[in-house]
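Nothing here was measured: the structure is a model prediction, and the numbers come from that model.
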Amino acid sequence: MQIVVNGEIKTVNETLTVQELIEQLALTGRRLAIEVNQAIVPRSQFGLYRLQAQDKIEIVHAIGGG
């Protein structure tokens, strides 16, 4: 199936969860905010939230600083 990640079309497995997407993108262990179709996905739901064809995902990296 196809999804859009930060404006880029990607072809992925049809049973992909948000957590699996994070792993595929080598973003494991980073502080992230994930939005699917303009709705925030809570971190506690990353492993449960299954992506659907044509979902639009925005991944924002939290950057510390002062």
Side-chain angles (χ1 to χ4, degrees):
M1 74 176 172
Q2 289 189 331
I3 60 175
V4 179
V5 179
N6 291 352
E8 182 179 330
I9 296 172
K10 294 198 176 284
T11 301
V12 297
N13 185 321
E14 292 200 17
T15 61
L16 194 70
T17 65
V18 169
Q19 182 62 45
E20 291 166 334
L21 176 64
I22 291 167
E23 291 167 5
Q24 284 185 12
L25 297 174
L27 297 174
T28 303
R30 297 190 185 185
R31 296 179 59 201
L32 304 170
I34 308 287
E35 183 180 277
V36 178
N37 300 323
Q38 299 182 342
I40 297 290
V41 178
R43 181 175 297 278
S44 63
Q45 297 296 304
F46 284 4
L48 302 172
Y49 193 104
R50 296 226 175 263
L51 298 171
Q52 305 295 317
Q54 305 306 315
D55 276 349
K56 291 179 177 56
I57 298 102
E58 292 294 325
I59 302 174
V60 179
H61 301 260
I63 300 173

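- Taking CD of Gln52 as the start and CE of Met1 as the end, the distance is 6.5 Å to the nearest 0.5 Å.
- Distance check, rounded to the nearest 0.5 Å: CZ of Arg43 to CD of Gln19 gives 8.5 Å.
- Of the listed residues (Val60, Ile40, Val41, Ile59), just one forms a side chain to side chain contact (heavy atoms under 4.5 Å, CB included) with Glu35, and that residue is Ile40.
- The CG atom of Leu25 lies 5.5 Å from the NZ atom of Lys10; values are rounded to the nearest 0.5 Å.
- Between the CZ atom of Arg50 and the CD atom of Glu20 there is a distance of 6.0 Å, given to the nearest 0.5 Å.
- From Glu58, atom CD reaches atom CG of Asn37 across 10.0 Å, with rounding to the nearest 0.5 Å.
- Put simply, the residue from Thr17, Ile57, Asn13 that forms a side chain to side chain contact (heavy atoms under 4.5 Å, CB included) with Leu51 is Ile57.
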Step by step, would you call Leu32 with His61 a side chain to side chain contact (heavy atoms under 4.5 Å, CB included)? CA-CA 5 Å; Leu32 304 170; His61 301 260; 3.5 Å; yes
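- Here the side chains of Gln54 and Ile3 are not in contact, with every heavy-atom distance at 4.5 Å or above.
- By the rule that hydrophobic residues join a cluster once side-chain heavy atoms approach within less than 4.5 Å of another member, Leu48 and Leu16 end up as members of separate clusters.
- Around atom CD of Gln2, more than 12 heavy atoms belonging to other residues, nucleotides or ligands sit under 6.0 Å away.
- Placement of Leu27 and Ile34 within a single hydrophobic cluster is found when ILVMFWY residues are connected by side-chain heavy-atom separations under 4.5 Å, directly or transitively.
- Note that CZ of Phe46 and OG1 of Thr28 are 11.0 Å apart. Values are rounded to the nearest 0.5 Å.
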